[in-house]
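Right, one structure below, let's go through it.
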Amino acid sequence: MSENDTSIDTFKRWTVPVLHEYLRIRGLRTSGKKEELVALVYSANLMKIKQVLTLAEERKLKADQYCDKLKTPKGIVPDPLIDLTSGWITESKGVSMWPPTMYYDIATFLQKKEDKSLSDRLMKDYKEGKAYSYFTSGWLKEVCYHYIDNNSPYCFLKAECTASQRINDVPHTTWVLLEKVSGEIQTAYCRCFAGLGETCNHMAAILFKVDYAWQWDANNKSCTSKPCVWKSPSTKKSVVQPKKLSELKIMKPHYSKGGQGQPINPIKRQLFQPTQGSKPSLGKLSDALLPAYQNAAVFQYIHHNYTHYEPSEDFNVLSTETVTTTEGPFYRYHYQRLLETVVIIMSFLKN
């Protein structure tokens, strides 16, 4: 039967055993009358249902497909799961060696696949999809780097990712092959059910993590290659706490340049309390002068125009005596000014 001869009359001329064999190798049911079998064969032919492979044939097909992934335009690379058992560099040390694989490279790689619906789902609103959530939620484990050898233009990135349905099962192992200089994605593989299709979420999670590392300086890019962003606040310095004005340590401007400068407000000034104590009185003045001058006498100057004071009415005055003095600036000092002068003198003597 030719490919163009697909009319139902052609299948009506087939015998029942031939119809049964056609349906069996495609995994379809073989029970029913001949008219039903002819209709099933006709429908299967229109839908181009492929034959179901045996277990041995399926294993051989997957092995051939996996070997094809190791073939590159510049030769065959070693198998990262079998041949490269050592030489893997951890993520903390190898992140600076990751190729510059960006969002554009991921989109270009996925657009080459036959399953357009899956590639569109991975790239449209990818930060809300499952692949990106594997990376952000921490289900994607440490990404290891292998440079293959110094002469190879390619490198491998390999990681394990927790399964989405059975999180307690063995994690899926996935790897991607990238060009060292350009970051172009050559091929990818995952041990999950959809791993041979190169568009599983676990594989895409590695690529999204590499893209994130290049966007946010995880691999120490130069400042001219970074996008313009606001400077992040430093976490080394402690947060400034509010203090009283008397507790502030104000230093001179040159203090930060080196040397032990003196603060503008030392401890002695911080402890000064201008409002402490009561108002000065004649008794305090007498007590302050008594240790220094045992026989001292206190006189009060009264201006001649002052007529309201009568010594005889003051019970503190035991006797009065009239004397003549010479007017001068010292005798015109107010009592308050005199008391302040005495306090300064006594403070000087104590120090």
Side-chain angles (χ1 to χ4, degrees), residues 58-59 62-63 65-72 76-103 105-107 109-110 113 115 118-119 121-123 126-149 152 154-180 183-216 218-219:
E58 184 178 359
R59 289 179 178 178
K62 290 183 177 180
Q65 291 177 350
Y66 184 80
C67 293
D68 292 339
K69 291 182 178 298
L70 302 178
K71 298 178 181 179
T72 65
I76 300 177
V77 296
D79 188 352
L81 302 180
I82 300 177
D83 301 330
L84 302 178
T85 57
S86 61
W88 291 94
I89 304 175
T90 59
E91 182 175 332
S92 58
K93 297 180 180 179
V95 64
S96 59
M97 307 176 188
W98 289 1
T101 303
M102 306 294 286
Y103 184 81
D105 301 304
I106 302 175
F109 174 71
L110 294 177
K113 305 305 171 185
D115 193 351
L118 181 59
S119 62
R121 178 173 57 84
L122 289 173
M123 300 311 297
Y126 73 96
K127 289 188 176 181
E128 299 179 0
K130 182 184 294 186
Y132 192 80
S133 66
Y134 280 147
F135 156 58
T136 56
S137 61
W139 284 24
L140 180 68
K141 309 304 179 183
E142 183 180 28
V143 179
C144 298
Y145 171 86
H146 201 294
Y147 64 95
I148 303 178
D149 56 61
S152 176
Y154 306 108
C155 65
F156 280 109
L157 292 180
K158 182 180 70 173
E160 292 184 347
C161 189
T162 304
S164 59
Q165 299 296 329
R166 300 178 180 178
I167 60 177
N168 294 327
D169 287 357
V170 178
H172 299 302
T173 303
T174 178
W175 56 261
V176 292
L177 181 65
L178 310 173
E179 285 195 10
K180 296 179 181 178
E184 182 182 355
I185 306 170
Q186 294 297 317
T187 184
Y189 171 76
C190 182
R191 283 181 172 174
C192 68
F193 181 78
L196 287 173
E198 297 183 343
T199 52
C200 71
N201 292 314
H202 313 105
M203 174 273 302
I206 295 183
L207 300 177
F208 289 146
K209 186 170 186 177
V210 177
D211 173 64
Y212 180 87
W214 277 91
Q215 286 186 28
W216 298 102
N219 48 6

Hey, does [Y] have a side-chain heavy atom less than 4.5 Å from the side chain of [X]?
{"X": "Pro80", "Y": "Ile148", "answer": "no"}
{"X": "Lys69", "Y": "Leu177", "answer": "no"}
{"X": "Tyr66", "Y": "Asp79", "answer": "yes"}
{"X": "Val170", "Y": "Arg191", "answer": "no"}

Donor-acceptor contact present, side-chain Thr162 to main-chain Pro171, <3.5 Å: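 A pair under 3.5 Å: no.
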Would you give the length of the straight line joining atom [atom1] of [X] to atom [atom2] of [Y], rounded to the nearest 0.5 angstrom?
{"X": "Leu70", "Y": "Thr187", "atom1": "CG", "atom2": "OG1", "result": "7.5 Å"}
{"X": "Asp211", "Y": "Ile106", "atom1": "CG", "atom2": "CD1", "result": "5.0 Å"}
{"X": "Leu84", "Y": "Lys158", "atom1": "CG", "atom2": "NZ", "result": "8.0 Å"}
{"X": "Cys144", "Y": "Glu91", "atom1": "SG", "atom2": "CD", "result": "8.0 Å"}
{"X": "Met97", "Y": "Ile89", "atom1": "CE", "atom2": "CD1", "result": "4.0 Å"}
{"X": "Glu179", "Y": "Glu184", "atom1": "CD", "atom2": "CD", "result": "5.0 Å"}

[X] to [Y] - nearest heavy-atom pair and separation:
{"X": "Pro100", "Y": "Asp105", "value": "O-OD2, 3.5 Å"}
{"X": "His146", "Y": "Ser86", "value": "NE2-O, 3.0 Å"}
{"X": "Leu140", "Y": "Ala205", "value": "CD2-O, 3.6 Å"}
{"X": "Tyr147", "Y": "Lys180", "value": "O-NZ, 2.9 Å"}
{"X": "Gly183", "Y": "Leu178", "value": "O-CD2, 4.4 Å"}

Determine the interplanar angle of the [X] and [Y] rings, folded into 0 to 90°, and report it as parallel if under 30°, tilted if 30 to 60°, perpendicular if over 60°.
{"X": "Phe156", "Y": "Trp88", "result": "tilted"}
{"X": "His202", "Y": "His172", "result": "tilted"}
{"X": "Tyr189", "Y": "Trp175", "result": "tilted"}

